[in-house]
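Each residue takes its place number in the sequence, starting with 1.
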Amino acid sequence: AIETNTMNDNSNQTAHRRRKLLRAIANLGSGLGSFLYKPSRARAFLSHLYEFRPFGYTPRIKTTNWEGAVGSTRDSLIQLRRCRLEYGNMSFEEIVFLCLLARKQKAKGIFEFGTFNGITALQLAINLEDTSIYTLNLPPDDMHNVTELGSYHRDQQLHPGVAGSGTAFLGQPEAVRITQLFGNSTDFDYQPYCGTVDFVFVDACHDYAFVKSDTGNALRMLAEKGGTIIWHDFPNAPGVKQCLEEFSGTHQIYHVGTT
């Protein structure tokens, strides 16, 4: 989902949500017989269904397509490196879109909530050569904060104390433009980044209270220069959906179809 002033409306969300649901249902037949004997397979299926369940949302949030968001991509080149995706990462399609949008917005300072393995930060740095990227993650040595990644068990495995942080960009030449930050996003000091950031990507804890807090802090960082906010996992994650439906009462939000 995007908060910006350059989107065009498109109403193709229903068919896309149906495809996602069918993809989840298709996995049911292959694993149903083993659910009683291998509970881990049952959890994997429920995880897949969680990720792709087709939520509707308020009509205040408009739907756009790639061209409506970034214009023609016919002559656009996006480079991907060390892009081995796993649970917790965006899809290839979403990463390409994020890089195209940041490039179109001519982002000079990007703030990312939720580093994880650093794949997203690295691709942004590769494709925006003059851009500084700040990426915030929970401290790896503070395992007391593991529940702050959300109530969903699999999300808690993304804690940097378990999964590491920013491993994708370590040792890469673009790492000089990527600043790894650690802290709890609800009480982190964002003042040094106010006025220097013009593009914010929110993809940390998906629980409502955290999404709302991260959104408020994103707005504060953008208050001086203006800019764009991107949220991942809308409308699949209930907390993200609830926050953005409320936020759409005062700001124009767009959902990019197929993401």
Side-chain angles (χ1 to χ4, degrees), residues 1-26 46-73 90-102 104-105 107 111-114 120 150-152 155 185 198-223 226-259:
I2 305 173
E3 195 279 312
T4 185
N5 294 320
T6 60
M7 303 295 101
N8 295 317
D9 188 20
N10 190 309
S11 58
N12 293 324
Q13 59 173 307
T14 302
H16 176 61
R17 293 202 309 272
R18 187 180 299 116
R19 288 195 299 271
K20 284 189 171 183
L21 178 60
L22 291 174
R23 190 186 312 171
I25 294 174
L46 293 174
S47 168
H48 192 82
L49 191 60
Y50 169 90
E51 183 177 358
F52 292 107
R53 63 191 185 281
F55 276 130
Y57 48 84
T58 173
R60 290 194 305 268
I61 298 178
K62 307 301 181 182
T63 303
T64 189
N65 57 21
W66 276 46
E67 287 193 356
V70 299
S72 174
T73 59
M90 297 194 297
S91 67
F92 286 110
E93 179 184 37
E94 291 170 329
I95 290 174
V96 169
F97 173 80
L98 187 68
C99 291
L100 288 170
L101 183 62
K104 179 187 177 182
Q105 300 295 328
F111 195 100
E112 177 186 36
F113 287 87
T120 302
S151 55
Y152 186 47
D155 287 343
S185 69
D198 52 14
F199 193 95
V200 179
F201 179 48
V202 180
D203 190 23
C205 175
H206 291 350
D207 285 356
Y208 167 78
F210 287 86
V211 180
K212 183 175 181 179
S213 174
D214 293 348
T215 299
N217 286 315
L219 288 172
R220 280 186 279 278
M221 285 189 282
L222 297 177
T228 301
I229 305 175
I230 310 292
W231 296 264
H232 191 224
D233 288 320
F234 174 89
N236 300 331
V240 179
K241 176 176 178 288
Q242 180 184 353
C243 179
L244 294 192
E245 287 193 315
E246 293 178 1
F247 192 59
S248 68
T250 55
H251 295 74
Q252 181 60 70
I253 307 291
Y254 293 86
H255 177 220
V256 181
T258 75
T259 70

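To the nearest 0.5 Å, the span separating CG on Asp198 from CD1 on Ile229 amounts to 12.0 Å. Here the NZ-CG distance, from Lys241 to Asp233, works out to 14.0 Å after rounding to the nearest 0.5 Å. Rounding to the nearest 0.5 Å places CZ of Arg60 at 11.0 Å from CG of Leu244. Atom CG of residue Asp207 and atom CD of residue Gln242 lie 10.5 Å apart, to the nearest 0.5 angstrom. Between atom CG of residue Asn236 and atom OG1 of residue Thr259 there is a gap of 9.5 Å, rounded to the nearest 0.5 Å. Between the OG1 atom of Thr120 and the CD atom of Glu112 there is a distance of 5.5 Å, given to the nearest 0.5 Å.
In this structure, Thr73 and Leu100 have side chains that are in contact, with non-hydrogen atoms separated by less than 4.5 Å. You'll find the side chain of Trp66 reaches within 4.5 Å of the side chain of Val96, heavy atoms only. In this structure the side chain of Leu219 reaches within 4.5 angstrom of the side chain of Phe247, judged on heavy atoms.
The nearest pair of heavy atoms linking Ala102 to Phe199 is CA-CE1, 3.6 Å. Closest of all the heavy-atom pairs between Ser185 and Asn217 is O-ND2, 3.5 Å. Here the shortest heavy-atom pairing between His255 and Phe234 reads NE2-O, 3.5 Å.
Proximity of a side-chain donor or acceptor of Lys104 to a complementary backbone N or O of Ala69 within less than 3.5 Å is detected. Side-chain N or O atoms of His251 include none that pairs as donor or acceptor with a backbone N or O of Gly249 at under 3.5 Å. When atom types are taken as modelled, the side chain of Ser91 and the backbone of Glu94 share a donor-acceptor pair closer than 3.5 angstrom.
Under the rule for a ring pair (Phe, Tyr, Trp, His ring centres under 6.0 Å), the partners of Phe113 that lie at least two apart in sequence or sit in another chain are Phe111, Tyr190. A search for salt bridge (Lys or Arg N to Asp or Glu O under 4.0 Å) contacts involving Glu246 returns nothing, not counting sequence neighbours.
Screening Val211, Thr215, Val202 for a side-chain contact (heavy atoms from CB on, under 4.5 Å) with Val240, the sole residue that qualifies is Val211.
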